[in-house]
Amino acid sequence: MNVTFETVKNNHEINTYIRQADASMIALGFTEHSFAHVGKCASVASKLLSDLDYPAREVELAKIAGYMHDIGNVINRIDHAQSGAVMAFRILDKLGMPPEDVATVITAIGNHDEHTAHPVNAVAAALIIADKSDVRRSRVRADNMENIKGDIHDRVNYAVENAELTLDKEAGAITLSMNIDQRMCSVMDYFEIFTTRMLLCRKAAAFLGLKFKLVIDDAVIM
């Protein structure tokens, strides 16, 4: 049976875990990790591989991995990449996905958290870039400016007025460009929490044969 992205997106079990995982993130005070985030990760990861001319099935697997990558948060935020990979194995195997495809997806899911991640295959590399580049104001859930300013993750995400990931195949580069309201946070604030993530994006881009660039307020940062 050929398990597709539509199979996964319409699966009640998977959607329940995404919904309940995000409920845990709300309780812990984390930014949005629900359908907006996983949907964007699925779209960005799959488009990146498609634009790089990877096979259609690998593109589809990147979309599936992007959608499922945070289900492990339903168990605990700690080691959520690894627990999510184990959960994904059970679900996808039960759905009848071939072992080779299951292996690709769970490898990507198990390698997306910046503390333990490595771009071990193209799907993992694409997922890393998609996940770590999702910085936006709409991920902030604090209900007043005092709370937003008091949490660095909220403050940094809220400060991002726009962010865009662009691929230049001719130059062999992928660039994350953003504009930050520096009245809300400084560039140093951004790097206090995102340095590890950006360095991981650089590794992931290198796996795909690309250079990773970060541009903030028209200044090339890396």
Chemist: Under 4.5 Å between side-chain heavy atoms, hopping through other hydrophobics if needed: is there a path connecting V44 to L127?
Modeler: no
Chemist: Distance-only, no hydrogens or angles: does the D151 side chain make a donor-acceptor pair with backbone N or O of D154 under 3.5 Å?
Modeler: yes
Chemist: So, do L165 and I174 sit near enough that their side-chain heavy atoms are less than 4.5 Å apart?
Modeler: yes
Chemist: For D134, give me all partners under salt bridge (charged side-chain N to carboxylate O under 4.0 Å, His left out), at least two apart in sequence or on another chain.
Modeler: K40, R136, R139
Chemist: Nearest 0.5 Å, please: how far is CD1 in I148 from NE2 in H153?
Modeler: 15.0 Å
Chemist: With sequence neighbours left out, what residues match E13 under salt bridge (charged side-chain N to carboxylate O under 4.0 Å, His left out)?
Modeler: R90, K94
Chemist: Considering only residues two or more places apart or on different chains, which pairs with a residue in residues 190-214 satisfy salt bridge (charged side-chain N to carboxylate O under 4.0 Å, His left out)?
Modeler: E114-R197
Chemist: Would you find more than 12 non-hydrogen atoms of other residues, nucleotides or ligands less than 6.0 Å from F207 atom CZ?
Modeler: yes
Chemist: For residues N11 and T7, determine if any side-chain heavy atom of one lies less than 4.5 Å from a side-chain heavy atom of the other.
Modeler: no
Chemist: Between N121 and A124 (side chain of the first, backbone of the second, donor and acceptor by atom type, cut-off under 3.5 Å), is there such a pair?
Modeler: yes
Chemist: Let me confirm one number: the CD1-CD1 distance from I216 to I180, rounded to the nearest 0.5 Å.
Modeler: 4.0 Å
Chemist: Tell me whether E60 contacts the main-chain N or O of F5 through its side chain, where contact means a donor paired with an acceptor under 3.5 Å.
Modeler: yes
Chemist: Backbone N or O of G39 within a donor-acceptor pair of the S43 side chain at under 3.5 Å?
Modeler: no
Chemist: Closest approach of I109 and A65, non-hydrogen atoms and distance?
Modeler: CG1-O, 4.1 Å
Chemist: Which atom names give the shortest non-hydrogen contact between G66 and C41, and what distance separates them?
Modeler: O-CB, 3.9 Å
Chemist: Do N15 and I18 have side chains that get closer than 4.5 Å, going by heavy atoms?
Modeler: yes
Chemist: Determine, step by step, whether V135 and F194 satisfy the side chain to side chain contact (heavy atoms under 4.5 Å, CB included) criterion, reporting the C-alpha distance in whole Å, the side-chain angles of both residues, the deciding distance to 0.1 Å, and the verdict.
Modeler: CA-CA 10 Å; V135 186; F194 280 96; 3.8 Å; yes
Chemist: Kindly assign one of parallel, tilted or perpendicular to the pair H33 and F30, based on the angle between their ring planes and the thresholds 30° and 60°.
Modeler: perpendicular
Chemist: Any side-chain heavy atom of V123 sitting closer than 4.5 Å to one from Y54?
Modeler: no
Chemist: Calculate, to the nearest 0.5 Å, the distance between atoms CG and CG belonging to N2 and L95 respectively.
Modeler: 11.5 Å
Chemist: Which heavy atom of C201 sits nearest to which heavy atom of K132, and what is that distance?
Modeler: SG-CB, 3.5 Å
Chemist: I want to check something: taking the side chain as every heavy atom from C-beta on, are D217 and Q182 in contact at a cut-off of under 4.5 Å?
Modeler: yes
Chemist: What's the shortest heavy-atom distance between L52 and L167, and which atoms?
Modeler: CD2-CD2, 3.9 Å
Chemist: So, taking the atom named OG1 in T166 and the one named CG in D51, what distance separates them when rounded to the nearest 0.5 Å?
Modeler: 11.0 Å
Chemist: Quick one: do the H80 and H112 side chains pair a donor with an acceptor below 3.5 Å?
Modeler: yes
Chemist: Between I128 and I64, is there a shared hydrophobic cluster once you connect ILVMFWY residues whose side-chain heavy atoms come closer than 4.5 Å?
Modeler: no
Chemist: Could you check whether the rings of H69 and H37 sit parallel, tilted or perpendicular, using 30° and 60° as the cut-offs?
Modeler: perpendicular
Chemist: Could you please spell out the steps behind the side chain to side chain contact (heavy atoms under 4.5 Å, CB included) verdict for D168 and T175?
Modeler: CA-CA 8 Å; D168 185 339; T175 303; over 6 Å; no
Chemist: Report the C-alpha distance between V160 and N179 in whole Å, list the side-chain angles of each, state the deciding distance to 0.1 Å, and finish with yes or no for side chain to side chain contact (heavy atoms under 4.5 Å, CB included).
Modeler: CA-CA 6 Å; V160 176; N179 293 107; over 6 Å; no
Chemist: A quick test of your reading: do over 12 heavy atoms of other residues, nucleotides or ligands sit less than 6.0 Å from CG of N162?
Modeler: yes
Chemist: Are side-chain heavy atoms of N73 and S24 found at a separation under 4.5 Å?
Modeler: no
Chemist: Nearest 0.5 Å please: distance from the CE atom of M87 over to the CD1 atom of I71.
Modeler: 4.0 Å
Chemist: Check the hydrophobic clustering (I, L, V, M, F, W, Y; side-chain heavy atoms under 4.5 Å; chains of links allowed) and say if Y190 and F212 are grouped together.
Modeler: yes
Chemist: Looking at D101 and R57, is there a salt bridge between them, counting it only when a charged N and a carboxylate O are closer than 4.0 Å?
Modeler: yes
Chemist: Please determine whether residues F89 and I91 belong to a single hydrophobic cluster, defined as Ile, Leu, Val, Met, Phe, Trp and Tyr linked transitively by side-chain heavy-atom distances below 4.5 Å.
Modeler: yes
Chemist: F35 and V74: same hydrophobic cluster, using ILVMFWY side-chain contacts below 4.5 Å?
Modeler: yes
Chemist: Any non-hydrogen side-chain atom of V8 less than 4.5 Å from a side-chain atom of L92?
Modeler: yes
Chemist: Can you find a pair of side-chain heavy atoms, one from S83 and one from N76, that are under 4.5 Å apart?
Modeler: no
Chemist: Can you tell me how far OG of S133 sits from CE of M198, rounded to the nearest 0.5 angstrom?
Modeler: 7.0 Å
Chemist: Decide yes or no on side chain to side chain contact (heavy atoms under 4.5 Å, CB included) for L48 and L208, but give the supporting numbers first.
Modeler: CA-CA 10 Å; L48 176 56; L208 298 172; 3.8 Å; yes
Chemist: A quick test of your reading: do over 12 heavy atoms of other residues, nucleotides or ligands sit less than 6.0 Å from CD1 of I78?
Modeler: no
Chemist: Just checking, is any N or O donor in the side chain of T104 or T107 under 3.5 Å from an acceptor N or O on the other one?
Modeler: no
